[in-house]
Each structure stands twice: as C-alpha cells, then as structure tokens.
Number of protein chains: 2
Amino acid sequence: MAIFSKTCEYAIRAVFYLAQKSASGVKSGIKDIAAGIDSPELYLGKILQDLSRKGLVASSKGPNGGFFLSSEMLSLPLIEIVRAVDGDSLFTGCGLGLKQCSEINPCPLHNEFKDIRQKIALMLNRTTIGSFNRELIEGLLSLKK
Amino acid sequence: MAIFSKTCEYAIRAVFYLAQKSASGVKSGIKDIAAGIDSPELYLGKILQDLSRKGLVASSKGPNGGFFLSSEMLSLPLIEIVRAVDGDSLFTGCGLGLKQCSEINPCPLHNEFKDIRQKIALMLNRTTIGSFNRELIEGLLSLKK
DNA sequence: ATAATAAAAGATATTTTTGTCTTTTATTAT
DNA sequence: ATAATAAAAGACAAAAATATCTTTTATTAT
C-alpha cells in the first residue's frame with residue numbers, strides 16, 4: 001500500500017509541475033503536464049477538472065488556454081490537494097479500519113496512529129504547493145519516472 | 001486512503017484476536033475470529049490461509065481444530081504481518097509513486113517521506129503480535145466495529 | 001463569421017481489490 | 001470404518017479504482 005491513492009499521487013505531481021510553470025507566468029495544457037509528470041493524459045484531465053471545480057487550480061479554454069496556479073494557490077499547503085482528492089480519512093480514520101475507534105473505544109494501535117497521522121498532517125501543512133519551485137526549475141528534483 | 005489495505009487491516013485484527021486466545025491455549029475457528037473482529041468470514045479464511053502458508057499463524061484441521069499462534073509467533077513484530085500482506089511498498093516506495101525515486105534522483109517529498117516511513121516501520125517493529133493481550137482480555141481495547 | 005485550440009463533460013472499458021460459493025482434504029470422536 | 005468438523009483450495013462475483021473514448025462548450029486568432 002501507498003500512503004496516497006494513485007489519483008492523489010498524480011494530483012500532487014501535477015500541481016508541483018504547474019507551480020513551477022506558473023511561477024514564470026506560463027500556462028500548461030494537459031498534454032504538457034502529462035508528459036512532464038509521466039501520467040495518463042486523459043485520466044490526468046479528469047483529476048485537474050476536479051481540482052479546478054474545487055478552486056485549487058485555475059484553467060482557461062481555447063487557444064493559449066491551459067491550467068495554471070494563481071499566487072494564492074501557490075501558497076496553499078499541500079494538504080489541501082490531498083484532502084480534495086483522497087478525503088481526510090488519512091488524517092482521521094482508524095489505522096485498523098474500525099468505524100467507532102476513538103479515545104474512549106480505542107483499537108490497539110490508536111495512540112501509535114494518532115502520532116503518525118499527526119506527523120503526516122504536519123508535513124503536508126507546512127509544505128506549500130510552491131515550496132519546491134526553485135529546485136524543480138534547477139532540475140534537482142524529479143516529478144517523473 | 002488508509003495506511004493499510006483492507007486485507008491487511010483484517011489480518012492485523014485477526015492476529016491480535018488470535019494472540020489473546022492463544023495466550024490461554026485456545027484455538028479459534030474462522031467463524032469465531034470473523035465474529036470477533038467483524039469481518040467477512042470467507043474472505044478472512046483466505047487471508048488466514050495465506051498467513052498460514054507463510055508460517056505466521058498455525059492451524060489444524062478437523063474437530064477441535066482452528067487457528068492459533070505459537071509462542072514464537074506471539075512475539076513476532078507486527079511488521080511481519082504487514083510485510084506478508086501488503087508487501088514492503090509502504091516502507092520502501094516513493095510517496096509520489098515514482099519508480100526511480102532515490103537519494104540521487106529524489107521526488108520533492110523524498111526526505112519528508114523517508115522520515116514518516118521510518119516512524120511507521122519503527123512502530124511496527126517494536127509492537128509484537130502479543131503486545132496487547134492484557135488490554136484485550138480486560139476489554140480495554142476494541143477489535144470490532 | 002470561421003476555423004483552430006483546449007478544457008469540460010459524459011459514457012465506457014479495464015484492472016485491482018474485496019468478497020462469496022463450492023468442492024476437497026485432513027483430523028477427530030464415535 | 002463412519003460421520004462430523006474445520007481448514008484448504010479453486011472458481012466465481014461484485015465493487016472500487018484506474019484509464020480511455022467521444023462529444024460538447026468556451027475562447028482565441030484569422
């Protein structure tokens with residue numbers, strides 16, 4: 001198992017890609033993005049449509065159109081993307097899948113998971129969508145393969 | 001998304017259930033276990049068969065038969081179950097799904113994930129299958145609902 | 001106005017995961 | 001030996017996630 005769904009992995013890689021392009025004022029078509037992050041083009045289209053409806057990425061149609069991020073979007077924490085795509089089960093769900101797991105009715109790993117979930121949330125909260133622009137532009141970080 | 005697959009959640013809950021029963025020398029049938037952890041009976045059968053083949057749980061057929069854990073099994077770290085069911089992608093895979101992500105070719109979240117994966121592995125390494133027997137017997141911990 | 005471009009939307013297909021059904025095999029008690 | 005019990009195994013089914021195909025809508029440049 002991975003931490004994120006495949007859909008969410010594509011979404012995160014796509015917004016990192018867009019962040020880097022948007023910082024220099026460039027819009028990107030689905031084709032570009034899919035090539036840039038090595039994802040299935042049409043599937044990625046669906047994902048970005050969804051993020052667009054939710055206001056986490058911007059888009060414009062027609063010639064010279066494409067997807068891009070506003071400066072406000074660039075400074076959103078990455079957790080917004082994860083929440084939009086995978087929901088918040090990663091941050092609130094029981095590690096053993098119990099619906100009624102809670103402080104007063106805990107599963108065996110309740111406290112252990114509380115700790116781990118919190119660390120994941122903290123990491124995703126302090127990482128903004130635009131965090132890695134410099135390293136991405138310099139080619140120090142990879143979004144594909 | 002959850003950290004573990006549903007299959008793995010059932011597997012962990014089942015071994016915790018078995019640990020508690022096995023500590024008092026009792027074998028459990030699939031029906032018992034499924035009722036004890038609120039899981040689909042036949043599906044759980046498959047999961048336990050698999051763990052049995054891999055030597056992580058013991059079983060005997062026929063009247064008075066059932067599943068149980070040896071004392072060695074009781075002291076195995078929980079990570080053995082996770083590895084057997086979900087593989088080790090949780091501990092080694094890239095958080096963004098990149099096949100070739102590594103120290104020299106890192107994804108943007110490489111270091112962040114290294115840290116988190118390590119914490120998960122640590123937790124699963126120091127938790128043994130029998131860790132929670134006392135609390136389970138006393139009814140302080142829940143394995144169902 | 002028209003043609004070209006690119007996202008949006010809806011329908012469909014494939015794959016993986018989860019769950020069920022049926023038959024077989026091993027063990028035990030009578 | 002026989003019947004009852006319980007796991008093992010194989011085939012099948014349903015649901016969810018992932019991926020693709022086709023048509024529509026909006027925008028821009030000519």
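Chain letters run A, B, ... following the sequence lines, proteins first, then strands; residues in each count from 1.
Under a hydrophobic clustering in which Ile, Leu, Val, Met, Phe, Trp and Tyr are joined whenever their side-chain heavy atoms come within less than 4.5 Å, directly or via other members, L124(B) and I116(B) fall into the same cluster. Residues L48(B) and L74(B) share a hydrophobic cluster, clusters being chains of Ile/Leu/Val/Met/Phe/Trp/Tyr side chains in contact below 4.5 Å.
A donor-acceptor contact shorter than 3.5 Å is absent between the side chain of D86(B) and the backbone of C8(B).
Proximity of S59(A) to the phosphate of dA6(C): no side-chain N or O atom is located under 4.0 Å from OP1 or OP2.
Rounded to an integer number of Å, the gap from CG of L44(B) to P of dT20(C) is 11 Å. What separates CE of M1(B) from C1' of dT16(C) is a distance of 12 Å, to the nearest Å. Protein atom CD1 of I37(A) is 14 Å distant from nucleotide atom P of dT18(D), rounded to whole Å. Rounded to whole Å, atom P of dA7(D) lies 9 Å from atom NZ of K31(B). Per the geometry, OH belonging to Y10(B) stands 4 Å off P belonging to dG19(C), to the nearest Å. Following rounding to the nearest Å, L42(B) (CG) and dA9(D) (C1') show an atom-to-atom distance of 13 Å. When the C1' atom of dA6(C) is taken as reference, atom CG of L48(A) falls 13 Å away, rounded to whole Å. In this structure, I47(B) places its CD1 atom 13 Å from P of dA8(D), rounding to the nearest Å.
Here the side chain of Y43(B) is nearest to one of dT18(D), dA7(C), dT20(C), namely dT20(C). Checking dT20(D), dA9(C), dA7(C) against every side-chain atom of R53(A), the shortest atom distance belongs to dA9(C).
Minimum heavy-atom separation, M123(B) to L109(A): SD-CD2, 4.5 Å. Here the closest heavy-atom approach between residue F68(A) and residue S60(A) is recorded as CE2-N, 4.2 Å.
Within the 4.0 angstrom heavy-atom criterion, only backbone atoms of the sugar-phosphate kind lie near I30(A); the bases stay farther away. Using a 4.0 Å heavy-atom criterion, one finds that S39(A) contacts no nucleic acid atom at all.
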Under 3.5 Å between N/O atoms: give me all the protein pairs with nucleotides 26-29 of chain C, atom names plus distance.
{"unit_1": "dA26(C)", "atom_1": "O4'", "unit_2": "K61(B)", "atom_2": "NZ", "d": "3.2"}
{"unit_1": "dA29(C)", "atom_1": "OP1", "unit_2": "N64(B)", "atom_2": "ND2", "d": "3.4"}

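The existence of a salt bridge linking K6(B) and E9(B) is confirmed by a sub-4.0 Å separation between a basic side-chain nitrogen and an acidic carboxylate oxygen. Under the 4.0 Å criterion applied to side-chain N and carboxylate O atoms, K46(B) and D50(B) are not assigned as salt-bridge partners. Electrostatic pairing of K114(A) and E103(A) counts as a salt bridge here, judged by a charged N lying under 4.0 Å from a carboxylate O.
To the nearest 0.5 angstrom, L143(B) atom CG is 11.0 Å from D38(B) atom CG.
Counting only Watson-Crick or G-U wobble pairs whose defining distances are both under 3.5 Å, the stems of 3 or more consecutive pairs in DNA chain C are C:1-30 with D:1-30.
Side-chain atoms of K46(A) stay outside donor-acceptor range of the base of dA8(C), with no qualifying N/O pair under 3.5 Å. Between the side chain of K6(B) and the base of dG19(C), no donor-acceptor pair under 3.5 Å is found.
The distance between the ring centers of F4(B) and F113(A) falls below 6.0 angstrom.
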